[in-house]
Student: 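Okay, handing you the structure first.
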Amino acid sequence: MLIRYGYDFTLLCAQETPVVTMVSARTERKGDMLRPEVHTRFPDVPEEIYTDSFGNICRRFNAPAGEIRLQGEGLMRDSGDLDPVTPDAQEHPVSDLPDEALMYLLSSRYCEVDRMSQLAWDMFGHLAPGWGKVQAICDYVHGHIRFNYQDARNTRSAYDAWQEGRGVCRDFAHLAITLCRCMNIPARYVNGQLGDFGIPFTTDPMDYAAWMEVYLGGAWHTFDPRNNKRRIGRIVIAYGRDAVDVPMITSFGPHSLQSFRVITDEVDEDGKVIKAPR
């Protein structure tokens with residue numbers, strides 16, 4: 001399948017303001033891109049591109065006073081397969097984990113491992129290690145949190161989400177990540193684009209999605225506690241310890257978001273959007 005993905009944002013700044021965005025697909029999918037991504041700014045201020053410590057692509061520019069419109073688009077070929085399932089993937093003893101995975105066991109801004117450790121062991125400590133334990137954590141989080149876009153709050157942590165029982169996809173991810181880390185399973189936060197592929201089409205506006213990856217059997221595997229099902233056509237934009245590491249827009253000064261649109265469509269070879277579910 002072919003996926004056209006992109007964004008269209010308008011920011012309003014009271015004065016010239018430095019901005020960093022994370023809106024490009026990670027380089028692991030470069031071989032699937034049918035053409036280079038196109039990113040534009042109106043007015044056309046110059047930008048610099050750099051890669052952060054997690055390997056995420058960052059775009060840096062100075063937004064002028066007033067409105068600036070940011071647009072981007074890419075075209076990617078995808079297998080059209082569901083997220084892989086590897087039920088025999090095993091946990092690693094902490095002593096055997098690669099160095100780069102250790103940070104994904106620790107507490108972070110939104111993932112309070114120390115605060116939730118006893119709760120996690122009480123609920124999941126009796127389960128056999130491996131894939132099934134991670135899925136049990138996802139099942140719990142999926143059933144515990146009530147999803148509602150109106151409940152979004154950028155200060156809500158994993159512990160808050162557990163107490164309140166409500167939130168959006170980032171809260172599902174933060175809670176599941178925290179519970180995995182409590183069980184000594186490395187877990188990282190993923191931000192990306194996920195179209196309504198393989199599910200009934202809806203007229204709801206598209207948004208960026210959050211899920212997690214866990215380290216089992218020597219590899220990172222996708223789990224999605226919000227949807228709690230395998231999905232088609234994920235495009236990873238960024239990953240890190242939690243949402244702090246993968247902000248879509250960071251401004252070093254106040255701004256307001258005037259408009260926001262995310263594009264994630266299946267298209268045919270002529271670029272025509274395919275609306276019917278696969």
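Both backbone and side-chain heavy atoms feed into the values below; hydrogens, waters and symmetry mates do not.
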Student: State which residue, out of Asp224, Val190, Val141, Val134, fulfils the side-chain contact (heavy atoms from CB on, under 4.5 Å) condition with Met212.
Tutor: Val134
Student: Within the distance-only criterion (no hydrogens, no angle test), does the side chain of Asp268 pair as donor or acceptor with the backbone N or O of Asp270 below 3.5 angstrom?
Tutor: yes
Student: Consider only side-chain heavy atoms of I, L, V, M, F, W and Y, link residues closer than 4.5 Å, and tell whether Leu175 and Val113 are in one cluster.
Tutor: no
Student: Do Met22 and Asp52 make a side-chain contact, defined as non-hydrogen atoms from C-beta onward lying under 4.5 Å apart?
Tutor: yes
Student: Quick one: does Met183's side chain get under 4.5 Å of Trp121's, heavy atoms only?
Tutor: yes
Student: List the steps, then state whether side chain to side chain contact (heavy atoms under 4.5 Å, CB included) holds for Tyr208 with Val23.
Tutor: CA-CA 10 Å; Tyr208 285 106; Val23 288; 3.9 Å; yes
Student: What's the spacing between Ser117 OG and Asn184 CG if we round to 0.5 Å?
Tutor: 8.0 Å
Student: Is Phe61 reachable from Met248 through a run of I, L, V, M, F, W or Y residues, each pair having side-chain heavy atoms under 4.5 Å apart?
Tutor: yes
Student: Which residue pairs pass the side-chain hydrogen bond (donor to acceptor under 3.5 Å, both in side chains) test with at least one member in residues 240-249, sequence neighbours excluded?
Tutor: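 Every pair satisfying side-chain hydrogen bond (donor to acceptor under 3.5 Å, both in side chains) with a residue in residues 240-249: Ser108-Asp242, Arg241-Asp245.
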Student: What is the distance from atom OH of Tyr140 to atom CD1 of Ile145, rounded to the nearest 0.5 Å?
Tutor: 8.5 Å
Student: Among Arg234, Arg29, Arg4, which residue meets the salt bridge (charged side-chain N to carboxylate O under 4.0 Å, His left out) test with Asp78?
Tutor: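 Passing option: Arg29.
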Student: Given 3.5 Å as the limit, does a donor-acceptor pair link the side chain of Arg231 with the main chain of Gly195, or not?
Tutor: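 A pair under 3.5 Å: yes.
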Student: State whether the number of non-hydrogen atoms from other residues, nucleotides or ligands found under 6.0 Å of Arg230 atom CZ is greater than 12.
Tutor: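 Enclosed: over 12 neighbouring heavy atoms sit under 6.0 Å from CZ of Arg230.
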Student: State yes or no: are the ring centers of Tyr149 and Phe147 separated by less than 6.0 Å?
Tutor: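 Between Phe147 and Tyr149, which both carry aromatic rings, the centre distance is below 6.0 Å.
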Student: Please step through side chain to side chain contact (heavy atoms under 4.5 Å, CB included) for the pair Val94 and Leu102, ending with a clear verdict.
Tutor: CA-CA 8 Å; Val94 173; Leu102 292 178; 4.2 Å; yes
Student: Donor-acceptor check, side chain of His142 to backbone of Pro225, threshold 3.5 angstrom: yes or no?
Tutor: yes
Student: Under 4.5 Å between side-chain heavy atoms, chaining through other members, with only Ile, Leu, Val, Met, Phe, Trp and Tyr counted: pull out the rest of the cluster around Leu106, sorted by chain and number.
Tutor: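 Same cluster as Leu106: nobody, lone residue.
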Student: If I compare all heavy atoms of Pro129 with all of Gln90, which pair ends up nearest, and what's the gap?
Tutor: O-OE1, 3.9 Å
Student: Can you sort out the partners of Arg170 under salt bridge (Lys or Arg N to Asp or Glu O under 4.0 Å), two or more places apart, ordered by chain and number?
Tutor: none
Student: Does Ser157 offer a backbone N or O that forms a donor-acceptor pair with the side chain of Asp160 under 3.5 Å?
Tutor: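 The answer is yes, because a donor-acceptor pair under 3.5 Å joins these two groups.
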Student: Roughly how far, to the nearest 0.5 Å, is CD1 of Ile249 from CG of Leu257?
Tutor: 5.5 Å
Student: Grouping I, L, V, M, F, W and Y whenever their side-chain heavy atoms are under 4.5 Å apart, do Tyr110 and Ile237 come out in a common cluster?
Tutor: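 Shared cluster, no.
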Student: Using links of under 4.5 Å between side-chain heavy atoms of ILVMFWY residues, direct or through other members, which residues join Val20 in one cluster?
Tutor: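 Once heavy-atom contacts under 4.5 Å are chained together, Val20 belongs with Tyr50, Phe252.
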Student: Where do Asn227 and Leu194 land on the side chain to side chain contact (heavy atoms under 4.5 Å, CB included) test, with the steps shown first?
Tutor: CA-CA 11 Å; Asn227 294 295; Leu194 179 61; 4.0 Å; yes
Student: Could you name each residue pair satisfying side-chain hydrogen bond (donor to acceptor under 3.5 Å, both in side chains) that touches residues 211-223, not counting sequence neighbours?
Tutor: Arg188-Glu213
Student: Is there a donor-acceptor pair under 3.5 Å between the side chain of Ser256 and the backbone N or O of Gln258?
Tutor: no
Student: What residues form a salt bridge (Lys or Arg N to Asp or Glu O under 4.0 Å) with Glu164, not counting sequence neighbours?
Tutor: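 By the salt bridge (Lys or Arg N to Asp or Glu O under 4.0 Å) rule, Glu164 matches Arg153, Arg156, Arg166.
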Student: Search all heavy atoms of Tyr189 against all heavy atoms of Ala210 and return the closest pair with its distance.
Tutor: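 Smallest heavy-atom distance, with atoms named: OH-CB, 3.3 Å.
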Student: Which atom pair, heavy atoms only, marks the closest approach of Cys180 to Val214?
Tutor: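 What the structure gives for the nearest pair is SG-CG1, 4.1 Å.
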Student: Could you state the interatomic distance from CD (Gln15) to CG (Asn62), rounded to the nearest 0.5 Å?
Tutor: 11.5 Å
Student: Might you point out which heavy atoms bring Val262 and Gln193 nearest each other, and give the distance in Å?
Tutor: CG1-NE2, 3.8 Å
Student: Can you name the nearest heavy-atom pair linking Pro64 to Pro43, along with the distance?
Tutor: CG-CG, 3.7 Å
Student: How far does CD of Glu91 sit from CG of Leu216, to the nearest 0.5 angstrom?
Tutor: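 Separation between the atoms: 6.5 Å.
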Student: Walk me through it: do Asp83 and Phe223 pass the test side chain to side chain contact (heavy atoms under 4.5 Å, CB included)?
Tutor: CA-CA 9 Å; Asp83 300 323; Phe223 285 85; over 6 Å; no
Student: So, applying side-chain contact (heavy atoms from CB on, under 4.5 Å) with Ile3, which one of Thr264, Ile232, Val267 is it?
Tutor: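 By the side-chain contact (heavy atoms from CB on, under 4.5 Å) criterion, Ile3 pairs with just one of Thr264, Ile232, Val267: Thr264.
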Student: Using the salt bridge (Lys or Arg N to Asp or Glu O under 4.0 Å) criterion, which residues pair with Arg26? Sequence neighbours excluded.
Tutor: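 Applying salt bridge (Lys or Arg N to Asp or Glu O under 4.0 Å) to Arg26 gives Glu28.
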Student: Less than 4.5 Å apart, any side-chain heavy atom of Tyr7 and any of His39?
Tutor: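 Sidechains of His39 and Tyr7: in contact.
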Student: For the atom pair CG (Asn191) and CG (Asn56), what is the distance rounded to the nearest 0.5 Å?
Tutor: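 Nearest 0.5 Å value for the CG-CG distance: 9.0 Å.
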Student: For Glu100, give me all partners under side chain to side chain contact (heavy atoms under 4.5 Å, CB included), at least two apart in sequence or on another chain.
Tutor: Pro98
Student: Are Met123 and Leu127 linked, directly or through intermediate hydrophobic residues, by side-chain heavy-atom contacts shorter than 4.5 Å (ILVMFWY only)?
Tutor: yes
Student: Would a 4.5 Å heavy-atom cut-off, applied to side chains only, mark Pro186 and Leu97 as touching?
Tutor: yes
Student: Less than 4.5 Å apart, side chain to side chain, heavy atoms only: is that true for Lys133 and Ile185?
Tutor: yes
Student: What residues form a salt bridge (Lys or Arg N to Asp or Glu O under 4.0 Å) with Glu112, not counting sequence neighbours?
Tutor: none
Student: If the condition is side chain to side chain donor-acceptor pair (under 3.5 Å), which residues does Ser259 pass it with, not counting sequence neighbours?
Tutor: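 Ser259 satisfies side chain to side chain donor-acceptor pair (under 3.5 Å) with Thr10 once adjacent residues are dropped.
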Student: Looking at side-chain heavy atoms only, is the closest gap between Met76 and Met33 below 4.5 Å?
Tutor: yes
Student: Which atom names give the shortest non-hydrogen contact between Leu179 and Ala120, and what distance separates them?
Tutor: CD2-CB, 3.8 Å
Student: Side-chain heavy atoms nearer than 4.5 Å, only ILVMFWY residues, links allowed to pass through others: does that put Val236 and Tyr5 together?
Tutor: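 Different hydrophobic clusters.
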Student: Which pairs, with at least one residue in residues 8-24 and sequence neighbours excluded, count as a salt bridge (Lys or Arg N to Asp or Glu O under 4.0 Å)?
Tutor: Asp8-Arg69
Student: Check which hydrophobic residues are tied to Ile49 through side-chain heavy-atom contacts below 4.5 Å, counting indirect links as well, and list them.
Tutor: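 Traced through the cluster, Ile49 reaches Ile57.
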Student: Parallel, tilted or perpendicular for Phe54 and Tyr239, by the 30°/60° rule?
Tutor: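 If you compare the ring of Phe54 with that of Tyr239, the planes turn out perpendicular.
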